[in-house]
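Comments concern the structure below.
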Amino acid sequence: MSVLFISDLHLSPERPEVTRAFLHFLQHRAATASALYILGDLFEAWVGDDDDGPLGLDIQRALNTLTNTGVDLYIQHGNRDFLLGKKFMSNTGAILLADEHIIDHSGHRALVMHGDTLCTDDIDYQRFRRRARHPLYKFALRLLPLKRRQKLASDWRAKSTAANSNKPSAIMDVNDGAVDAVMTKHQVNILIHGHTHRPNRHLVTKGERIVLGDWHSEGWILELKENGYSLNSFSIS
Ligand code: MN
């Protein structure tokens, strides 16, 4: 058994080297795994499944090849790509997971999340999230022409970059109370998430919190085997 977890690739046409590294990872490492979990922010922006740009199409084709070889593929929404929808899932053979999902592989039970909901000290972001993720808002968003949605997404990114540059670093990390609460709620002693771009393994009150890293000059992969987890990075040139 080999189960792989990745997150925060932030794939975009501006960073083709990350896309190349991901495609290579899918063809080699992931192809020999039993399952792959992508815990959000696969794309730097995803404004709807009707986006027919070359990057989106290449990635969907590669993910579909992976699932056709028999690898189970699970995807969670991140804060950048929460409009990944049914069409993307059917094009790729992926299963969309809820924002809080329990996995169980050979008795290894864990809670997987993107992680943005754990950053409860970032009040502005949580307010934005509540609005943007409201079903009515998402419904209305999908009715906008593709070009308008692309413009909106780039405005959001610019705003969040500007706002985040003024936020103290602690505010952008997870809140310990939120971690404790969600692990208690789901009765797990392992929590796996991304989003903060602070790859590490932390001992916490309820057990262990494993944080995936983003893919930039390095890529990060968490692997679960019978004997446990290993978190590793590799260089992206
Ligand atoms: Mn994120």
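Counting starts at 1 for both ligands and their atoms, in listed order.
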For Met183, the rest of its hydrophobic cluster, which grows through side-chain links under 4.5 angstrom: Ile102, Leu111, Met113, Leu118, Val174, Val179, Val182, Val188, Leu191, Val204
Answer yes or no: is there an ion pair linking Asp180 with Arg209, defined by an N-O contact shorter than 4.0 Å? no
Is there a donor-acceptor pair under 3.5 Å between the side chain of Ser12 and the backbone N or O of Glu44? no
Is a donor from one side chain sitting under 3.5 angstrom from an acceptor on the other, for Glu17 and Ser237? no
Verify whether one side chain among His114 and Asn79 offers a donor that lies under 3.5 Å from an acceptor in the other. yes
Indicate yes or no: does Arg129 engage Asp116 in a salt bridge with an N to O separation below 4.0 Å. yes
What protein N/O/S atoms are there under 2.8 Å from the Mn ion (ligand 1), waters excluded? Asp41 OD2, Asn79 OD1, His114 NE2, His195 ND1
